[in-house]
Structure formats: structure tokens, C-alpha cells
Amino acid sequence: MRKLLFESVFRQPLTEPAPSAADAAVAELATAVGQTARRRLGRSLSIREVDAGSCNGCELEIHALNNAYYDVERFGLRFVASPRHADVLMVTGPVTKNMREALERTYHATPNPKWVVAVGDCARDGGCFAGSYAVVGGVSEVVPVDLHIPGCPPTPVAMLRGLLALLEQAGANAVTS
Amino acid sequence: MPSLIDLSLEGRKVGQHSPWLRVVVDASVWTFAASELAHGRWSLLGLWGDPATVHMAIMDGQAADIAVISLDCPNRRFPSVGRHHPPARRLERTIHDLFGLSAEDSSDARPWLDHNRWGVRFPLGDRIDALPKAAPYRFLAAEGDGLHQIPVGPVHAGIIEPGHFRFTASGETVVRLEQRLGYVHKGIDGLMTGASLERGVRLAGRASGDSTVAYAYAFSRAAEAALDLKAPERAVFLRALLAELERLANHLGDIGAICNDASFALMHAHCGVLRESVLRAAGAAFGHRLMRDVIVPGGVARDIGKDGMEAIQAALDNIRLRFPALVELYDNTASLQDRTVDTGTLKTSLASQYGAGGYVGRASGRSFDARRALAYPPYDSLHFDVPVLNEGDVNARVWIRIREVEQSLSLIDQILSRLSEGPIRKEVPLGGEVREGMAIVEGFRGDILVWLRLRNGLIERCHMRDPSWFQWPLLEAVIENNIVADFPLCNKSFNCSYSGHDL
């Protein structure tokens, strides 16, 4: 372990370099968290992930947000274990009927102000599972959705971009209200 | 001792079923098969329903012979297999939930996937209205002084799939764990009915996100078996390349995640980087990080270019450079070994009884690997070892994965060096009126079975069986007498699929 730790002292970090102005998605996210969200939420945005029936593909890419390349925590975004600690619910899947109540209860357990981000194609309208006797068909059928990030599954960069859009909207509401 | 071939002589052979036999048998042969399973002479590969028939896929491990037997159920009942052979129980409960066919004298008649929320009962059989109010689900009893229950889920603390775990503990020690699954049931079997092969393979690729390649692979091979179609040589090798990249990415991610559950985040960080390097290479080579929708009946939908091959080679070089130090770190960290050695031990007898596939079986002395045992191309012409250990603890499951990472690296090298030029896809014929096919493919967590019946080129019935069906019940067994805090380690070392199981 000493060898690995020692090596990391000299090795360049793997984290994607501090985004330049040209690097649209990541750069905008960094500034938006810096200004908009900080005004509204302080320095951090806590996310509770809820799998409401996904195939687990979205979860794999959400996990990737935490790896050394994307390292979302540097933007003040972090995943939390309980809806009671969350500002954002990140919901995946076509919402199976068997998960409907659990999603509703998780939503109600999340304190205000809160936002819901629906992640993935099936979270929009059920995707390829739409029409099944076992799915509701889209997160917005069960809880109000503020933002949808498309993709099957969306890449980690697409998710970062989506979270930016959410922060801008939240910031705009804060200014007008 | 009768062989499967003898058994098949007892019944009526079904014409268009490839590549293994399917025979329609009577109840006595069905029950005989169940008792052979119970005596460990054969192992159960799958048990699934049709509107008025039940099917059972069985394997004679000695002869590596496979057959499907079918029993018509005009009275909507069939003799229970689970009564003799416990691995069949959840499958029988599912057949009842979906088709309304009941297992006679079954020892567990509780619903499984049906939580009485679909608005309909027996959705794939004689659909009837749901019960006005479902009886509360009865968990199995665990009673005694000082026992307490810990209910967990369906929404868990981490970024994972939903399911419910009911722990009964005495202090910190778990005396019973009971799972309740079905939360992710999307009705995929129902959606498959009447679908085209094109839609079918998309659905198959979304049965379990981490095995999207393996499912599309198994589905395509089953469809090709039914239609007597042979994929072109280049596609055959590309499929194995995709499957090994998927295995590599999942094993690397899981090795780190298991260590993370023992609060050893350094491994998690480094393994996460290696996993990401595989996903990026896959994205560069095939246009999708998880390699979704690449394998299709008839071949593959995307070819790989020179850049893609270089990206994969660079990822492999990086893993070869970095991975040995991580293995050494795992092996030499006493605090980590303290958590993984002798934790969550799966007995070899149970692994064998349940026909546990993948690293779960191979860490407990069961050497079955579909790539070797069934030697489907191109694996019949590639060199690789199937690592096997007997300890059956979390540590053994980690080591099997470490060895499999090394094997996959070697396999990918062989595949890249032998990739021949040529077409990647064949036209898929419509086929005759009714054709049936089955395939078993080794996914990263074990053998995935796909059985389908086509009518005039459309799917009439498709059943997919995830390896998790025979691994989930074993997780209940291994946690006993371990402490609650070791559950995440046991669970992650199994990494059973919820979506693939619930479908």
C-alpha cells in the first residue's frame, strides 16, 4: 500500500483537468455550482438515488460519477444514503408498479426545497418497457419531475450537463421568487 | 442410472427445437426428473411456464448433456419440483404468479414477483382481476428470546437496485435472512410476446444492465439456433470480445466495491479507474460504453475499426501495468483479509445442489463454465483456464474474479490477434411456422439461459433465466452466523442481479 500511496504523490491526477472555458459541459457546471447553487443551497447539493425499476444500466453510470475521472464531489455534488439528507432525488427506471409506493414515500421523506431528476430513457415514458402491465411508464406519472436526462444510459458527462441545467433553473427561481 | 437421452425416449420429441432435445413427457417422467435433480445426479438449468405447459431444462453434468422436458397442464396444475428440489421453489412461485399454473403439494405457495399491484393476476395466462386486497406477505418465522428483526429496503442506502431484506438477528449475529424480490419486475416476458426479433434483442439487452452484452449474446444465439443460422466468423469473434470486455469491466468494478464495503477505499478508487478505462475503450470501439445493442441475431450491428482496437489494446496495457500492484495490495492488507477470509462461506454441497454459476459456484468447488462445458464458438478455439477454489468465502470469490480478470485479458489478446476480415452480419430468415431455440452463454456472473419459440419470425414466447435465480437463495444461507455488518461484503461478493431476476 505504501508503494501505491507513494506513487500517487508523483503521479498526475487522473481527474479530468480543471475545465477550460471551451469545455462547455463541465465548465458551466463548475461555475453554476459556484454561483447559483451556492446562493440557494450553500456549497453543496446532496443527491439521493432511487432505482424505481431500471435495468441497472443507469446506476452503473451514476456510480462512474464518483470515480477519479469525474469526481463529482469537487463540484459540491454528493450522493447521500437517506432521502432526509437529500436536495435532489435522481430517479431511474420506468417505475414498476411494485416500486411505485416506495418512490412516493421516498419523495415525501425528502425535505423541501427538493428537485427530482429523471435519469434515462425509460424514466421519461417507460422507454422500451412502456405498455407493460407491470410498469407505470415514466417518473412524472408518480412524482413531479424537474429535469429529465435522456440516454440509455446517459454517459457520466451527460449527467453532469443535466445537473447543471437543474442548478440554473433552481437559481433562476430563487432570483424571481 | 438413466441418461438424459433415455429420458427423452420416454416422451414425444418436439420437431423444431435446437440445439438440444425437447420432449413432451407425462407426469411420472416429470416427477422422476425432479427426484434425479434432488439426488444431485442432474442439475436444474431452468423452469418456466407457457399458458398451459411447464418446461424444465436439465443438465447431466457428467455427460455435459442438456435437455428440455415439457409437461402439459390441462388442469392448470403440475407436480411440484420444488418439493423435492428446493432450487425450483422460487421458479414455481413465479410460474404461478405469471401463468396461474400451480405446483401441486408445493412447500411454499406464497406469491413471489406478484405484489398485487399490477391490477391483474396471471398476466401471461388467463388474466383475471387482482385481489381487492392482498393478504400481508408472511415472512418465515424466526422466534426466540432476544431476537430482533431488521427490515431493509426496497430503497437501499447505496446506489443499488431495489429489493427487501428481512434480517433476524441475535445481537449482531444474523440467525435468518429472508429476501423478498420482484420490485423491479417490468413484465419483460410479456413484452416479448408478439415482438419482432429486433425488438426482442433490445429488450434482452435491457434485462440486466451490467450484462447487456451477455443477454443480447444469449438471445441472438437462441434465435439463431431456432432458425438454423450461423453468424459470420468475424461476428463470432467480435461477440466474444464484447463479452470479455463486459466481464473485465464488471470484475474490476466489483473487486474494488467489495473492498470498499470493508472500508478500504483505496482499492475502490484504483479499480474504479481501471473499470473506467475499459468502458472508455468500449465506447471508442463500439460507440457505447456498456456496448449495448451491438450483438443482434445474425451477427453484430457495429464493426470495430483500427482506432477501436488500439483503444482496447491501450486499456489492456494499462490494466496489465496497474492490476498486479492492486492484487498484491489486496493480498497483503491484513485489515482487509480480516474481513473477507472466512466470511460468508458457501458450502460446496449447496453450490452444487443449486447449480450455482459464475464466481459464486467456482469459489465453492463447482467448475461449471458455459464457455468451457458447452464450448460454443469461438471459445472452442481459444485457450483459457477456469479457476476453481473450494473455500467458498468472500475472499475466494474475490480471488476467482482476480483470476478471471487475468483470463479475460489473455482471451481478448487472442481474439484481437485472430480477428479475420469479412462480413459481420447475416440476413435473418423469417423461418418456418414454428421454430424453437435455446442458448446458454457465460455472462460475468454466471450462465444465462434464453429459450424462445418463434412463429413466422415473431416471438411467441421467450424466457430468460438469469444466473441470480440460483445464487440469491444461497446468499440467504451464507449470511447465517455472520454479523450484520458483514452483509454488504457477502452481498457484494455475490453481486446478484435484481433486474435480471425480477425481469
Side-chain angles (χ1 to χ4, degrees), chain A residues 1-5 7-8 14 47-70 79-83 90 92-103 105-106 109 120-122 126-135 152-153 155-156, chain B residues 113-115 117-120 123 127 153-162 182-188 190-191 199 202-203 205-212 249-250 253 257 266 268-270 272-273 275-276 279-280 283 288-290 292-293 325-326 328-329 332-333 497-500 502:
Chain A
M1 172 153 53
R2 208 176 298 156
K3 205 163 63 185
L4 277 164
L5 290 172
E7 195 187 302
S8 67
L14 292 160
I47 305 170
R48 169 66 247 181
E49 200 272 346
V50 183
D51 177 340
S54 90
C55 72
N56 201 33
C58 290
E59 277 65 31
L60 294 173
E61 292 296 56
I62 292 171
H63 266 292
L65 287 173
N66 281 320
N67 75 28
Y69 286 92
Y70 304 106
F79 289 93
V80 294
S82 164
M90 224 171 165
T92 64
V95 191
T96 61
K97 291 192 179 163
N98 287 350
M99 268 306 285
R100 181 183 193 133
E101 186 190 331
L103 174 60
R105 289 170 65 168
T106 306
D121 288 347
C122 38
C128 63
F129 306 113
S132 166
Y133 63 86
V135 307
C152 185
T155 60
Chain B
L113 299 182
D114 186 354
H115 297 188
R117 291 172 188 270
W118 300 334
V120 62
R127 301 174 69 113
V155 177
H156 300 299
I159 305 172
I160 60 167
E161 300 182 79
Y183 291 94
V184 209
H185 178 72
K186 295 183 271 292
I188 295 182
L191 291 169
R199 173 160 159 77
R202 280 180 64 80
L203 283 167
R206 283 154 183 78
S208 181
D210 52 20
S211 304
T212 179
N250 282 316
L266 183 65
H268 185 50
H270 281 274
V273 167
R275 174 182 158 83
E276 178 73 16
L279 296 188
R280 289 184 169 200
H288 193 287
R289 287 159 53 89
L290 303 180
R292 196 158 255 179
D293 300 327
L326 297 176
E328 196 191 317
L329 174 62
N332 291 336
T333 304
S497 171
Y498 297 71
S499 182
D502 291 353

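This is a predicted model, so every value here is computed, not measured. Every chain is numbered from 1 and lettered A, B, ... according to where its sequence line falls, protein lines coming before strand lines.
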Name the region of [X], side chain, backbone, both or neither, that has any atom closer than 4.5 Å to a heavy atom of chain A.
X      : answer
B:H268 : neither
B:R206 : both
B:L329 : side chain
B:I188 : side chain
B:V273 : both

(message) Using a 3.5 Å distance criterion without hydrogens, assess whether the side chain of A:S132 forms a donor-acceptor pair with backbone atoms of B:K186.
(response)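 The answer is yes, because a donor-acceptor pair under 3.5 Å joins these two groups.
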
(request) Mark yes or no for whether B:R199, through its side chain, and A:C128, through its backbone, hold a donor-acceptor pair below 3.5 Å. (result)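 Yes; at least one donor-acceptor contact below 3.5 Å.
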
(message) Among B:A325, B:G158, B:G190, which residue has the highest count of heavy-atom pairs closer than 4.5 Å to chain A?
(response)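 That would be B:G158.
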
(request) Heavy-atom pairs under 4.5 Å with chain A are the metric here; pick the option from B:R202, B:R127, B:H288 that has the most. (result)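 Of B:R202, B:R127, B:H288, B:H288 has the most heavy-atom pairs under 4.5 Å with chain A.
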
(request) Assert yes or no for the condition that the ring centre distance of B:H185 to A:Y133 is strictly below 6.0 Å. (result)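 Between A:Y133 and B:H185, which both carry aromatic rings, the centre distance is below 6.0 Å.
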
(message) Measuring from atom OG1 of B:T212 to atom CG of A:N56, what distance do you get when rounded to the nearest 0.5 angstrom?
(response)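 Taking OG1 in B:T212 and CG in A:N56, the distance rounds to 11.5 Å.
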
(request) Quick one: pull up CG in A:N98 and CG in B:L113 and give me the separation to the nearest 0.5 Å. (result)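 It comes to 8.0 Å.
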
Is it the backbone or the side chain of [X] that comes under 4.5 Å from a heavy atom of chain B, or both, or neither?
X      : value
A:S82  : neither
A:C152 : both
A:V95  : neither
A:A130 : backbone
A:F79  : side chain
A:L103 : neither
A:N67  : side chain

(message) side chain to side chain contact (heavy atoms under 4.5 Å, CB included), that's the test. Do A:M99 and B:V184 meet it? Break it down for me.
(response) CA-CA 7 Å; A:M99 268 306 285; B:V184 209; 5.8 Å; no

Selection from [options] maximising heavy-atom pairs under 4.5 Å formed with chain B:
options                       : value
A:P94, A:G57, A:G53           : A:G53
A:M90, A:R48, A:E61, A:E49    : A:R48
A:P156, A:A134, A:G127, A:G93 : A:A134
A:A52, A:G126, A:A81, A:C58   : A:A81
A:P83, A:A68, A:G131, A:P153  : A:P153

(request) Grab the two heavy atoms, one from B:E161 and one from A:S54, that are nearest each other, plus how far apart they are. (result)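 Between these two residues, the closest heavy atoms are OE1-O, 4.3 Å.
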
(request) Assess A:R100 against B:Y183: is NZ or CZ under 6.0 Å from the centre of the six-membered ring, and within 45 degrees of the ring's axis? (result)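 So A:R100 doesn't make the cation-pi contact.
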
(request) Please name the residue in the list A:D51, A:T92, A:N66 that meets the side chain to side chain contact (heavy atoms under 4.5 Å, CB included) test with B:I159. (result)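 Of the listed options, the one satisfying the test is A:N66.
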
(message) The test is side chain to side chain contact (heavy atoms under 4.5 Å, CB included); show your working for A:K97 and B:H115 and say whether it passes.
(response) CA-CA 9 Å; A:K97 291 192 179 163; B:H115 297 188; over 6 Å; no

